Amino acid sequence: MEFSLDSYECVLPVEVTIDDDNGRYMVRKSDTSGVFFNTPFELIRWIRAHLQEEEFLKPEDFRSMMGKLAEYEQAGYLG
């Protein structure tokens with residue numbers, strides 16, 4: 001699962017990646033720094049703590065991503 005969210009901060013989007021096949025769980029922030037996680041649960045918890053819909057040009061994209069992440073959690077992919 002990959003998401004690209006346009007931010008007010010920078011022209012580069014915030015990229016969120018959950019790649020279970022390769023064990024990649026990361027957020028690339030608009031300043032191009034990255035945050036890497038060992039599990040998708042850690043990534044989702046970080047997003048909830050550090051990102052807000054008001055930061056993005058299209059808040060509905062952020063809400064859509066959060067909905068898909070909640071579905072991902074409920075489906076039991078987090079072990």
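Being a predicted model, the structure only gives us computed values, none of them experimental.
- Considering only residues two or more places apart in sequence or on other chains, Glu53 meets the side-chain hydrogen bond (donor to acceptor under 3.5 Å, both in side chains) condition with Arg63.
- Here the side chains of Asp20 and Tyr25 are in contact, with some heavy-atom distance below 4.5 Å.
- Here the straight-line distance linking atom CG of Leu5 with atom CG of Leu51 works out to 8.0 Å at 0.5 Å rounding.
- Counting only heavy atoms from C-beta outward, the side chains of Leu43 and Ile47 approach each other to under 4.5 Å.
- Linking ILVMFWY residues whenever their side-chain heavy atoms come closer than 4.5 Å, directly or via other members, places Val16 and Met1 in the same cluster.
- Every residue meeting the side-chain contact (heavy atoms from CB on, under 4.5 Å) condition with Arg24, not counting sequence neighbours, appears here in chain and number order: Glu2, Thr17, Asp19, Asn22, Met26.
- Ring planes of Phe62 and Phe56: parallel class, angle under 30° (limits at 30 and 60°).
- Side-chain contact check for Phe3 versus Val14: every heavy-atom pair is 4.5 Å or farther apart.
- Heavy atoms only, all atoms of each residue included: Leu57 and Pro59 are closest at O-CD, 3.4 Å.
- Of the possible donor and acceptor atoms, one in the side chain of Arg28 sits under 3.5 Å from a partner among the backbone N and O of Pro13.
- Atom CG of residue Asp6 and atom NZ of residue Lys58 lie 6.5 Å apart, to the nearest 0.5 angstrom.
- One finds the CG atom of Leu69 at 7.5 Å from the CD atom of Glu73 (value rounded to the nearest 0.5 Å).
- Taking each heavy atom of His50 and Glu55 in turn, the nearest pair found is O-OE2, 3.6 Å.
- Looking only at side-chain heavy atoms (C-beta outward), Lys29 and Glu9 stay at 4.5 Å or farther from each other.
- Contact of the Val27 side chain with the Phe36 side chain is not registered, since no non-hydrogen atoms from C-beta on lie closer than 4.5 Å.
- By the side-chain hydrogen bond (donor to acceptor under 3.5 Å, both in side chains) test, Glu42 is found to be paired with no residue, residues two or more places apart in sequence or in another chain being considered.
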